[in-house]
Protein chains: 2
Amino acid sequence: MVCRPEDVGFPAVGSGMSKKTITINEIARLAGVSKKSVSRVLNDEQGVSDKTRAHIKHIMQEAGYEPDRRARALASSRSLLLGLAYNNRNPSYILDLLAGSQRAANALGYEVVMHQIADEGAAADDVIRFMRRSGCDGLIITPPLSESARLLADLVSEDWPMVRVAGDHADFAVPQIRYNDRTAALSLTNQLLKDGHRELAFIGGPAAAGPTKRRLAGIQDALTLHGLTADDLTIVYGDFTFESGKQQGLALLQGSTRPSAIVCANDEMAAGVYHAAAVCGVAIPAELSVTGFDDSPVASHLYPPLTSVRQPVQAMMALAVQMLTGDSKRPPSDRIAQFDAEVVARESTAVPHPINAD
Amino acid sequence: MVCRPEDVGFPAVGSGMSKKTITINEIARLAGVSKKSVSRVLNDEQGVSDKTRAHIKHIMQEAGYEPDRRARALASSRSLLLGLAYNNRNPSYILDLLAGSQRAANALGYEVVMHQIADEGAAADDVIRFMRRSGCDGLIITPPLSESARLLADLVSEDWPMVRVAGDHADFAVPQIRYNDRTAALSLTNQLLKDGHRELAFIGGPAAAGPTKRRLAGIQDALTLHGLTADDLTIVYGDFTFESGKQQGLALLQGSTRPSAIVCANDEMAAGVYHAAAVCGVAIPAELSVTGFDDSPVASHLYPPLTSVRQPVQAMMALAVQMLTGDSKRPPSDRIAQFDAEVVARESTAVPHPINAD
DNA sequence: ATTAGTAGTGAAAACGTTTGGATGAGTTAG
DNA sequence: CTAACTCATCCAAACGTTTTCACTACTAAT
């Protein structure tokens with residue numbers, strides 16, 4: 001069957017002439033009530049007798065009525081849109097956040113609109129313009145933006161509800177939803193220590209970054225637990241990129257005291273360490289154990305697959321959406337919510353070499 | 001500075017009493033013209049003298065006026081929203097598509113709403129529900145969904161404008177925007193042949209998939225160009241996943257005639273081949289050249305960095321948005337648009353081993 | 001000078017919902 | 001039996017645009 005361009009171009013606008021849009025008026029007429037009553041049913045308001053309510057619902061169902069999103073938006077001055085501001089790092093994580101928030105938002109009749117921040121320096125203006133333009137009813141701020149003190153300071157005076165995911169800086173009045181990466185780092189390190197590792201190194205992101213600090217703290221918690229001191233841990237800092245992981249990995253592996261295990265603050269840097277290990281001819285995990293954070297796809301694609309930490313994205317985003325869309329009378333205790341993370345053990349860690357060799 | 005929860009909860013709704021929203025009425029009053037004229041300027045319609053237009057624009061600028069998206073949507077019965085349907089594979093590519101479409105869409109006053117298809121089997125229903133719910137004005141279908149004959153067949157009768165990115169199946173009446181991966185595969189292979197490789201292998205996605213067929217065709221074009229035949233190419237098929245690349249890579253490397261170069265239909269599978277090479281102790285690129293497709297981040301993170309093919313995402317999405325939002329009177333020639341792709345040469349390819357050894 | 005055509009402008013009517021105040025029907029207290 | 005009150009319902013007015021159509025003033029052709 002050949003189709004000629006001219007008869008199949010863009011869909012003919014008037015293709016379904018008979019399909020007249022059914023409005024709330026129509027429903028009201030059919031049900032023999034006023035628009036207002038139908039509106040009440042739509043919005044689950046009280047003031048309608050159970051009998052009438054059931055009747056109206058039945059009529060709506062029968063007519064296949066779907067309230068007009070645009071009209072609702074205008075009249076109620078809500079857009080039924082939620083914004084999600086993000087930075088470009090770690091695409092799979094961003095998409096996870098999106099999927100999680102969408103699932104929750106859609107269930108409540110909302111849609112999620114994403115907005116990429118190109119220049120972190122001018123992030124606040126960028127976000128404000130976006131929110132004004134899109135008319136979103138609320139904003140989700142994802143890491144690493146949610147860590148940016150400057151952005152939050154500039155945004156805190158704005159009118160719309162906000163939530164930040166995995167952000168630190170408790171001194172800003174933006175509610176936050178976090179997961180317990182400190183505890184996760186603790187149990188991760190704990191396993192390494194149990195395996196017999198004593199020469200540990202940590203490659204952090206920037207020293208001032210929240211995730212770096214929290215994950216480092218967790219490692220130190222584990223050291224303390226095993227009666228070790230801060231001296232037993234070599235600490236270096238990267239910037240969460242593959243390249244920085246590679247550089248610091250090389251430095252560590254070529255240094256005087258080579259660690260038997262390297263804990264990285266994210267998977268990208270762990271990938272960099274893999275690269276460094278390949279260059280130095282160091283076998284993972286036989287001669288070097290490596291762990292990451294975030295459980296991004298790269299973690300399973302590295303060889304050998306990387307032990308990492310997975311955060312409960314679905315649950316976190318569901319709560320974020322709920323906080324944004326819920327009625328504004330909300331208990332203050334919601335301002336910080338914390339979830340537990342899960343260590344995903346793979347084949348990048350093993351009992352250290354010397355123990356077997358002895 | 002300590003902040004108590006009760007005084008910083010959600011932003012007080014009435015915090016800025018003085019900030020009265022400025023409407024089109026206000027602008028009209030200030031400019032001394034009617035609403036209609038302001039509307040004309042907003043929508044770049046003709047019928048306003050240049051002088052008046054400039055004056056109105058100036059007033060709008062001065063007042064910091066931003067037209068209300070909701071009201072526009074209701075009155076014009078457009079939502080000013082564009083949908084982007086996607087599958088979860090290759091997150092970085094999806095975000096690239098998003099960034100590209102957003103850039104173009106925002107410039108035209110549109111926002112982009114993403115929708116993930118969970119179950120490819122029920123994709124059509126899923127998309128239809130999404131479009132009805134969100135009220136998007138148009139839909140962008142991304143690969144691999146844009147290759148799904150079933151989805152397109154079910155969607156083609158719908159009312160909204162659609163565009164598919166990088167999809168095949170010319171027999172469906174949905175306009176498509178592609179890039180020339182066949183030519184890219186040709187020049188990629190051409191370089192390998194020039195380097196002296198004669199034992200070539202190709203790891204495709206599913207044999208029936210459009211990208212597989214086109215990229216394979218490009219390789220064969222190159223073989224023909226160098227006077228070689230189909231027998232000089234070993235062809236195996238995976239499914240675009242890391243795992244399948246690894247399996248097929250192992251099979252190829254452990255087989256009787258080991259190829260000196262493997263062309264993979266995407267980067268994920270190339271990563272799998274790296275894995276296989278590591279397992280077999282085959283050095284890249286000294287003993288084996290490898291190439292990928294898509295230029296995803298993994299391409300630069302592999303060791304050694306992977307030669308790949310980059311498609312002009314920005315330009316493609318800009319066109320997609322333009323096609324969706326433009327007035328419906330459009331030349332039929334727009335139904336298929338093709339862009340050129342770019343080979344990104346990195347360190348995963350080299351002159352084959354035996355030539356140096358001879 | 002008259003007429004036809006056209007570019008610029010404006011008043012008013014949609015668009016489909018929510019919202020506030022008014023109306024009417026029951027119910028209870030005096 | 002009336003007054004006060006509650007509850008369900010309804011009418012009309014927003015909400016801030018676009019759209020339709022009518023009008024004016026100007027130019028060009030007769």
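We name chains A, B, ... by the order of the sequence lines, and we start the count at 1 in each one.
Taken residue by residue, residues 63-82 of chain A places heavy atoms nearer than 4.0 Å to DNA chain D at L74(A), A75(A).
Under the side chain to side chain contact (heavy atoms under 4.5 Å, CB included) criterion, A75(A) pairs with no residue at all, not counting sequence neighbours. With sequence neighbours left out, the salt bridge (Lys or Arg N to Asp or Glu O under 4.0 Å) criterion links E66(A) to no other residue. R133(A) is linked by a salt bridge (Lys or Arg N to Asp or Glu O under 4.0 Å) to E111(B), counting only residues two or more places apart in sequence or in another chain. Scanning for salt bridge (Lys or Arg N to Asp or Glu O under 4.0 Å) contacts around R178(A) gives D168(A), with sequence neighbours left out. With sequence neighbours left out, the side chain to side chain contact (heavy atoms under 4.5 Å, CB included) criterion links S49(B) to K51(B), T52(B). Under the salt bridge (Lys or Arg N to Asp or Glu O under 4.0 Å) criterion, R103(A) pairs with no residue at all, not counting sequence neighbours. Annotation: side chain to side chain contact (heavy atoms under 4.5 Å, CB included) contacts of D126(B) (sequence neighbours excluded): H115(B), I117(B), R129(B). Partners of A105(A) under the side chain to side chain contact (heavy atoms under 4.5 Å, CB included) rule, at least two apart in sequence or in another chain, are L82(A), Y110(A), V112(A), V321(A).
Rounded to whole Å, the distance from CG on N43(A) to P on dT17(C) is 11 Å. For the pair M60(A) CE and dT17(C) P, the computed distance is 11 Å after rounding to whole Å.
Note that the first and last nucleotides of DNA chain D, 5' to 3', having any atom under 4.0 angstrom from a heavy atom of chain B are dG16(D) to dT20(D).
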Quiz: residues 38-45 of chain A side-chain donor-acceptor pairs under 3.5 angstrom, not counting sequence neighbours:
from: N43(A); atom 1: OD1; to: R72(A); atom 2: NH2; distance (Å): 2.7
from: N43(A); atom 1: ND2; to: S39(A); atom 2: O; distance (Å): 3.0

* Asked: Can you give one letter per nucleotide of nucleotides 5-10 of chain C, going 5' to 3': B for a protein heavy atom under 4.0 Å from the base, S for sugar-phosphate only, - for none?
  -> ---SBB
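Remark: the Q311(B) side chain and the Y93(B) side chain contain an N/O donor-acceptor pair separated by less than 3.5 Å.
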